[in-house]
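Labels below follow one simple rule: chain letters A, B, ... track the order of the sequence lines, proteins then strands, and each chain is numbered from 1. Keep in mind that the numbers below use all heavy atoms, side chains included, and drop hydrogens, waters and symmetry copies.
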2 protein chains.
Amino acid sequence: MKIDPTGPELAYVQVADDIAGRIERGELRTGDRLPPERELAGDYGVSYDTIRRAAEVLRERGLIRTVHGKGTFVA
Amino acid sequence: MKIDPTGPELAYVQVADDIAGRIERGELRTGDRLPPERELAGDYGVSYDTIRRAAEVLRERGLIRTVHGKGTFVA
DNA sequence: GGAAATTTGTTCGTATGTATA
DNA sequence: TTATACATACGAACAAATTTC
């Protein structure tokens with residue numbers, strides 16, 4: 001679940017693609033809550049900032065929605 | 001009691017060290033309850049987040065214990 | 001039992017400084 | 001110079017546990 005920070009792919013793109021893949025494969029389903037952003041940062045071995053960027057990408061794609069104080073959910 | 005945010009020492013370390021010093025000097029004794037975390041934040045002029053980090057350090061050192069809904073006590 | 005106040009716990013939102021490519 | 005990435009810190013919203021009346 002870790003990200004390769006040395007590869008040609010940007011870290012936040014790798015994270016976004018990984019989460020998108022989990023949604024597409026049905027590992028994450030509509031309404032499911034993702035782990036907290038700061039926990040995802042630890043899971044992927046990246047910074048909170050990188051998770052924020054990845055989440056922004058996924059929100060723009062309409063794959064997730066985020067609620068202040070509650071969490072991030074599969075759309 | 002305020003913290004120096006411009007110094008090289010991290011804010012949460014400064015807070016943890018200050019509270020540890022008060023315990024070591026006997027100003028705070030076993031069983032004493034500390035002020036609420038959000039009040040400590042105001043006292044030290046730092047954020048709740050910083051107090052939480054400081055408390056985590058002190059818990060790891062075994063100097064305090066925290067009870068949900070009750071408060072934080074000197075160990 | 002129930003409501004309110006107090007206090008800690010969790011989670012997202014934002015800003016800043018530093019390092020690197 | 002700009003964009004990426006990391007870490008710290010401050011702010012805001014939501015939730016749970018405890019006590020008291």
Side-chain angles (χ1 to χ4, degrees), chain A residues 1-20 22-23 28-75, chain B residues 1-20 22-23 28-75:
Chain A
M1 196 165 172
K2 288 272 201 263
I3 288 304
D4 175 18
T6 68
E9 204 67 75
L10 297 177
Y12 76 93
V13 174
Q14 291 182 62
V15 172
D17 285 347
D18 184 78
I19 294 174
R22 289 162 66 190
I23 294 172
L28 292 169
R29 289 183 292 184
T30 300
D32 282 356
R33 200 184 76 176
L34 273 61
E37 293 177 336
R38 284 166 172 87
E39 188 176 317
L40 285 172
D43 291 344
Y44 281 104
V46 299
S47 71
Y48 177 52
D49 180 77
T50 297
I51 296 296
R52 293 282 301 166
R53 288 171 193 261
E56 188 181 3
V57 169
L58 296 170
R59 275 192 298 275
E60 285 169 352
R61 289 191 204 162
L63 290 176
I64 62 172
R65 62 192 168 80
T66 301
V67 183
H68 185 186
K70 299 204 69 172
T72 300
F73 305 83
V74 178
Chain B
M1 197 163 171
K2 287 272 199 269
I3 288 304
D4 174 19
T6 69
E9 203 67 74
L10 296 177
Y12 76 92
V13 174
Q14 291 183 60
V15 172
D17 286 347
D18 184 78
I19 294 175
R22 289 162 66 190
I23 294 172
L28 291 169
R29 290 184 292 186
T30 301
D32 282 356
R33 199 185 76 173
L34 274 62
E37 292 177 338
R38 284 167 172 87
E39 189 176 317
L40 285 173
D43 291 346
Y44 281 103
V46 298
S47 71
Y48 178 53
D49 178 78
T50 297
I51 296 297
R52 296 279 303 168
R53 286 174 194 252
E56 188 181 3
V57 169
L58 296 171
R59 276 193 296 274
E60 284 169 353
R61 290 192 203 162
L63 290 177
I64 62 172
R65 62 192 168 79
T66 299
V67 183
H68 187 184
K70 297 197 67 172
T72 301
F73 305 85
V74 178

Novice: Output, in order, the C-alpha distance, side-chain angles, deciding distance and verdict of side chain to side chain contact (heavy atoms under 4.5 Å, CB included) for D18(A) and Y44(A).
Specialist: CA-CA 10 Å; D18(A) 184 78; Y44(A) 281 104; 2.5 Å; yes
Novice: I need the single residue from V74(B), I23(B), I19(B), L28(B) that forms a side chain to side chain contact (heavy atoms under 4.5 Å, CB included) with L63(B). Which is it?
Specialist: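 That would be I23(B).
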Novice: Could you walk me through whether F73(B) and D32(B) pass side chain to side chain contact (heavy atoms under 4.5 Å, CB included), step by step?
Specialist: CA-CA 5 Å; F73(B) 305 85; D32(B) 282 356; over 6 Å; no
Novice: Decide yes or no on side chain to side chain contact (heavy atoms under 4.5 Å, CB included) for Y12(B) and V57(B), but give the supporting numbers first.
Specialist: CA-CA 9 Å; Y12(B) 76 92; V57(B) 169; 3.9 Å; yes
Novice: From dG9(C), dC12(C), dA5(D), pick the nucleotide closest to the side chain of T66(A)?
Specialist: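 The answer is dC12(C), which lies nearest to the side chain.
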Novice: Output the rounded distance in Å from CD (Q14(B)) to P (dT8(D)).
Specialist: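 Whole-Å distance recorded here is 14 Å.
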Novice: Could you tell me whether R38(A) and D49(B) make a salt bridge, using a distance below 4.0 angstrom between a side-chain N and a carboxylate O?
Specialist: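 Not counted as a salt bridge, because no side-chain N and carboxylate O are separated by less than 4.0 Å.
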Novice: Measure the distance from CD on E56(A) to C1' on dA5(D) and round it to the nearest whole Å.
Specialist: 15 Å
Novice: Give the rounded distance in Å between these two atoms: CZ of F73(B) and P of dT18(D).
Specialist: 11 Å
Novice: dA7(D) C1' sits how many Å from E9(B) CD, rounded?
Specialist: 15 Å
Novice: Kindly point out which of dT8(D), dC12(C), dT8(C) is positioned nearest to the side chain of P36(A)?
Specialist: dC12(C)
Novice: On DNA chain D, nearest-nucleotide positions of Y12(A) versus K70(A): which is more 5'?
Specialist: Y12(A)
Novice: Would D43(B) and R22(B) count as a salt bridge (charged side-chain N to carboxylate O under 4.0 Å, His left out) here? Give the steps.
Specialist: CA-CA 14 Å; D43(B) 291 346; R22(B) 289 162 66 190; over 6 Å; no
Novice: Near DNA chain D, under 4.0 Å by heavy atom, which residues of residues 43-52 of chain A?
Specialist: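 Under 4.0 Å from DNA chain D: V46(A), S47(A), D49(A), T50(A).
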Novice: Is the distance from OP1 or OP2 of dT8(C) to the nearest side-chain N or O of R38(B) less than 4.0 Å?
Specialist: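 Negative; the distance criterion is not met.
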Novice: R65(A) CZ to dC12(C) P: how many Å, rounded?
Specialist: 13 Å
Novice: Under 4.0 Å between a side-chain N or O of T72(A) and OP1 or OP2 of dT11(C)?
Specialist: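 The answer is no; no side-chain N or O of T72(A) sits under 4.0 Å from OP1 or OP2.
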Novice: Figure out the CZ/P separation between R53(A) and dC12(C), and round it to whole Å.
Specialist: 18 Å
Novice: Provide, to the nearest angstrom, the distance between the CD1 atom belonging to I64(A) and the P atom belonging to dT11(C).
Specialist: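 The distance from CD1 of I64(A) to P of dT11(C) comes to 16 Å, rounded to the nearest Å.
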Novice: Kindly point out which of dT8(C), dA13(D), dT19(D) is positioned nearest to the side chain of H68(A)?
Specialist: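 It is dA13(D).
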Novice: Kindly indicate, with the supporting measurements, whether the criterion side-chain hydrogen bond (donor to acceptor under 3.5 Å, both in side chains) is fulfilled by T72(B) and R65(B).
Specialist: CA-CA 6 Å; T72(B) 301; R65(B) 62 192 168 79; over 6 Å; no
Novice: In whole angstrom, what separates L10(B)'s CG from dC6(D)'s P?
Specialist: 18 Å
